[in-house]
Amino acid sequence: VNSVNVVSKVFDQFLGFVSLEPDMFTVNMKDSFARYNNPTLNDSLVEACIEYIAQGACSAIATLGVLPIIRSPIGGPAEMVARQVTSKLNSLYKNPKASEIFSLGTSGIEERPILLILDRSIDMSTILYHTSGYQTLVDDLLELKLNRVTIPGNKEEGMGKGKPKVFSLDSESDQFWQNYAGKMIPEAVEAHSTQLQQVSTQVARIKSEAGGGSGMENGSNKTTSLLSTVQSLPALLEKKTTLETHLEIIKATMSVISERELYKFAELEESIISSNHGDKSKVLELLQNPGMVLEDKIRCLAVFLLVTRPSSQDVDQLVGVVEQFVGESDENKKLFKTISYIKRMLALTGFGKNPPSMPAAASDPSNVATSTLWSFADRAAQSLIQAQKHVKGLVGGEKLLTSTRMMATVCKDATNPSVAAEVDSEFLYFDPKVPDGQIPSSSRVRTQFNRGVLFMVGGGNYAEYHNLRDYASGKISGSGTLGVKLGSVSASQKVTRQFIYGCTEVVNARAFINQIASIN
């Protein structure tokens with residue numbers, strides 16, 4: 001009481017991140033990949049960039065109240081950020097006034113989570129390929145920023161109409177978004193159609209009862225029925241409004257899919273990524289099609305080049321085909337710089353050489369997405385019927401993406417010395433309890449980690465986020481195509497995992513292409 005005069009300043013700490021989902025955050029650093037990859041930048045600017053990223057990651061970790069074990073690949077921006085984060089967390093840990101921040105997760109060594117820091121350069125194909133999930137497609141084809149999606153207005157509408165529509169998408173209040181954001185678009189469309197039909201039926205029944213249409217109940221029963229109807233009406237109307245919002249979003253998304261024939265790219269790219277090789281003739285067929293959008297051609301070619309690492313002759317042939325469609329447009333030339341950047345990467349790493357890959361289990365044909373055909377019920381809106389057959393080709397596979405595979409690797413039981421040596425040869429180990437983070441190999445935590453944070457430097461995406469979630473929940477066990485054997489944990493063991501996905505920014509393919517163009 002009456003102590004206001006003794007308060008000099010009030011500080012807010014650890015605000016260097018934005019939480020988009022309960023298990024997803026971003027530092028919200030625009031053009032983060034270009035900022036530290038541009039060769040024209042001096043060292044001080046790059047160091048400031050790394051400092052900013054590390055501070056944002058520390059803010060998220062401090063908010064979680066845990067002191068993690070930190071791992072990162074050897075070299076590059078990921079190691080630089082990892083060392084900065086280790087130093088900052090160690091300073092907090094040693095500070096008596098701030099040490100209580102880490103009261104959780106430090107009572108026992110087995111309770112500490114893991115923080116895996118990766119760089120976007122380890123896997124650029126995931127951010128460029130044509131995705132199949134509901135949220136990933138909304139982010140790719142529409143404008144999704146900070147959980148708000150913007151749908152372009154109808155250009156054919158008259159004066160005063162056709163304005164863009166903006167909708168907020170919150171997984172905590174929007175049940176449909178919570179359940180289907182991570183699902184494949186055919187499953188989301190199917191569920192939406194069913195739920196909208198059910199709501200329409202309920203609304204019709206309520207109108208009938210309110211209007212006395214049944215005429216069968218006695219007075220008491222009718223009063224009870226009307227009371228029950230009135231009580232359920234607010235929730236029903238709220239659900240109907242939510243479904244109508246998603247109807248607008250689905251219509252806009254499917255319209256772009258149909259117009260650009262994205263199902264053709266998605267199916268081909270899915271097969272390339274799932275098998276680590278592709279049919280050049282099929283790629284050429286799409287690249288030579290004058291009716292396809294140049295951006296989609298460039299993305300498809302980029303995926304093929306990054307995943308298969310073809311010979312220099314094949315690269316020149318494919319690039320030459322795409323270059324014919326560039327013309328004199330400045331926008332097209334900007335798009336084409338992506339291929340120039342990737343060609344330089346291949347020239348440095350070697351044409352015709354596949355990049356190092358994580359251990360993979362035998363292929364399971366049941367996990368190959370393109371072998372599955374989705375059937376749809378009648379659509380609630382006639383505008384969805386036209387694109388129905390096209391969406392059938394947009395089905396994703398149950399596979400672990402590169403970032404999730406790496407997370408599985410650093411989290412697995414490494415009590416076996418040979419397994420520990422294998423993991424240590426690819427990933428650095430830092431413990432923020434020690435000033436420089438370095439501790440002897442014999443003192444390192446080798447038990448399995450079931451909690452952790454995956455942080456992507458240079459931009460993340462919703463495909464990786466949902467892939468990590470599916471792995472954590474057990475929907476993807478790692479036993480199928482591109483999977484990882486989880487050490488001594490058998491498939492029959494039930495493992496509860498809690499993973500959080502973080503990144504410097506959430507970026508879609510077009511925004512990432514623009515960043516690459518700026519680097520050139």
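In this structure, CG on Asn147 lies 8.5 Å from CE on Met24, to the nearest 0.5 angstrom. Atom NZ of Lys333 is separated from atom CG of Leu294 by 13.0 Å, given to the nearest 0.5 angstrom. The distance from atom CE of Met292 to atom CD1 of Ile298, rounded to the nearest 0.5 Å, is 14.5 Å. Here the CE-CD1 distance, from Met407 to Ile114, works out to 6.5 Å after rounding to the nearest 0.5 Å. In this structure, CZ in Arg83 is found 4.0 Å from CZ in Phe430, a value given to the nearest 0.5 Å. The distance from the CG atom of Asp119 to the CG atom of Asn37 is 6.5 Å, given to the nearest 0.5 Å.
In summary, of the residues considered (Thr404, Asn461, Thr136), a side chain to side chain donor-acceptor pair (under 3.5 Å) with Asn467 occurs for Thr404 alone. The side chain to side chain contact (heavy atoms under 4.5 Å, CB included) test with Val453 singles out one residue from Val66, Ile61, Ile70, and that residue is Ile61. Paired with Leu306 under the rule side chain to side chain contact (heavy atoms under 4.5 Å, CB included), one option of Leu301, Ile273, Ile342 passes, and it is Ile342.
With His277 contributing its side chain and Ser275 its backbone, the two residues share a donor-acceptor pair below 3.5 Å. Side chain of Thr504 to main chain of Gly458: a donor-acceptor pair is present (N/O by atom type, distance under 3.5 Å, no hydrogens or angles). With hydrogens and angles disregarded, no donor-acceptor distance shorter than 3.5 Å links the side chain of Ser87 to the backbone of Gln84. Proximity of a side-chain donor or acceptor of Ser193 to a complementary backbone N or O of Val189 within less than 3.5 Å is not detected. Remark: side-chain polar atoms of Arg120 are paired, donor with acceptor, to backbone N or O of Asp123 under 3.5 angstrom. In this structure, the side chain of Glu505 engages the main chain of Ser32 through a donor-acceptor pair within 3.5 Å. Side-chain atoms of His130 never come within 3.5 Å of backbone atoms of Tyr263 as a donor-acceptor pair (strictly under, hydrogens ignored). Checked by atom type and distance alone, the side chain of Arg112 pairs as donor or acceptor with a backbone atom of Leu67 at under 3.5 Å. No side-chain donor-acceptor contact under 3.5 Å links Tyr501 to the backbone of Tyr462. Judged purely by atom type and a 3.5 angstrom limit, Ser271 uses its side chain to pair as donor or acceptor with the backbone of Leu268.
For the residue pair Val419 and Asp413, the shortest heavy atom distance occurs at CG1-O, 3.8 Å. Taking all atoms of both residues into account, the shortest heavy-atom contact from Thr308 to Gly278 is CG2-N, 3.6 Å. Of all non-hydrogen atoms in Thr253 and Leu141, the two that sit nearest each other are O-CD1, 3.8 Å. For the residue pair Gly459 and Met456, the shortest heavy atom distance occurs at O-CG, 3.3 Å. Scanning all heavy atoms of the two residues, the minimum distance from Glu172 to Pro22 falls at OE2-CG, 3.7 Å. In terms of heavy-atom proximity, Gly460 sits nearest to Ile127 at O-CD1, 4.3 Å.
For Gln498, the CD atom sits in a loose shell: 12 or fewer heavy atoms of surrounding residues, nucleotides or ligands are nearer than 6.0 Å. No more than 12 heavy-atom neighbours from other residues, nucleotides or ligands sit within 6.0 angstrom of NZ on Lys30. Counting non-hydrogen atoms of neighbouring residues, nucleotides and ligands closer than 6.0 angstrom, the CD atom of Glu248 exceeds 12 such neighbours.
Contact of the Glu295 side chain with the Arg260 side chain is registered, since non-hydrogen atoms from C-beta on lie closer than 4.5 Å. With contacts defined as side-chain heavy-atom distances shorter than 4.5 Å, the pair Asp296/Lys264 does not qualify. Between Lys297 and Leu286, the closest side-chain pair of non-hydrogen atoms is not below 4.5 Å. Between Phe17 and Thr63, some side-chain heavy-atom pair lies under the 4.5 Å cut-off. Using a 4.5 Å cut-off on side-chain heavy atoms (C-beta onward), Ile516 and Lys337 make no contact. At a threshold of 4.5 Å between non-hydrogen side-chain atoms, the residues Pro310 and Phe304 count as touching. In this structure, Pro68 and Pro113 have side chains that are in contact, with non-hydrogen atoms separated by less than 4.5 Å. Using a 4.5 Å heavy-atom threshold, the side chains of Phe167 and Ile151 count as touching.
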#### Entry: Thr40/Asn38 under side-chain hydrogen bond (donor to acceptor under 3.5 Å, both in side chains): CA gap, chis, key distance, verdict
CA-CA 5 Å; Thr40 63; Asn38 197 327; 2.7 Å; yes
### Task
Begin from the C-alpha positions of Phe455 and Phe25 and carry the test side-chain contact (heavy atoms from CB on, under 4.5 Å) through to its verdict.
CA-CA 9 Å; Phe455 185 76; Phe25 71 91; 3.8 Å; yes
### Query
Passes salt bridge (charged side-chain N to carboxylate O under 4.0 Å, His left out), Glu47 versus Arg35? Steps please.
CA-CA 10 Å; Glu47 290 172 1; Arg35 286 198 185 189; over 6 Å; no
### Query
Between Arg299 and Asp140, is a salt bridge (charged side-chain N to carboxylate O under 4.0 Å, His left out) present by the stated rule, with each step listed?
CA-CA 12 Å; Arg299 289 171 59 179; Asp140 187 9; 2.9 Å; yes
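Taking 4.0 Å as the cut-off between side-chain N and carboxylate O, Asp424 and Arg71 count as a salt-bridged pair. Ionic pairing of Asp431 and Arg444 is not present here: no N-O contact between side-chain nitrogen and carboxylate oxygen is shorter than 4.0 angstrom.
Annotation: side chain to side chain contact (heavy atoms under 4.5 Å, CB included) contacts of Lys145 (sequence neighbours excluded): Glu143. Considering only residues two or more places apart in sequence or on other chains, Asp31 meets the salt bridge (Lys or Arg N to Asp or Glu O under 4.0 Å) condition with none of them.
Between Ser171 and Glu21, the side chains place a donor N or O and an acceptor N or O closer than 3.5 Å (distance only, hydrogens not considered).
Aromatic ring orientation, Phe176 versus Tyr134: perpendicular (interplanar angle above 60°, classes split at 30° and 60°).
Note that Arg497 lies in the cation-pi zone of Tyr471, set by a 6.0 Å cut-off to the ring centre and a 45° limit from the axis.
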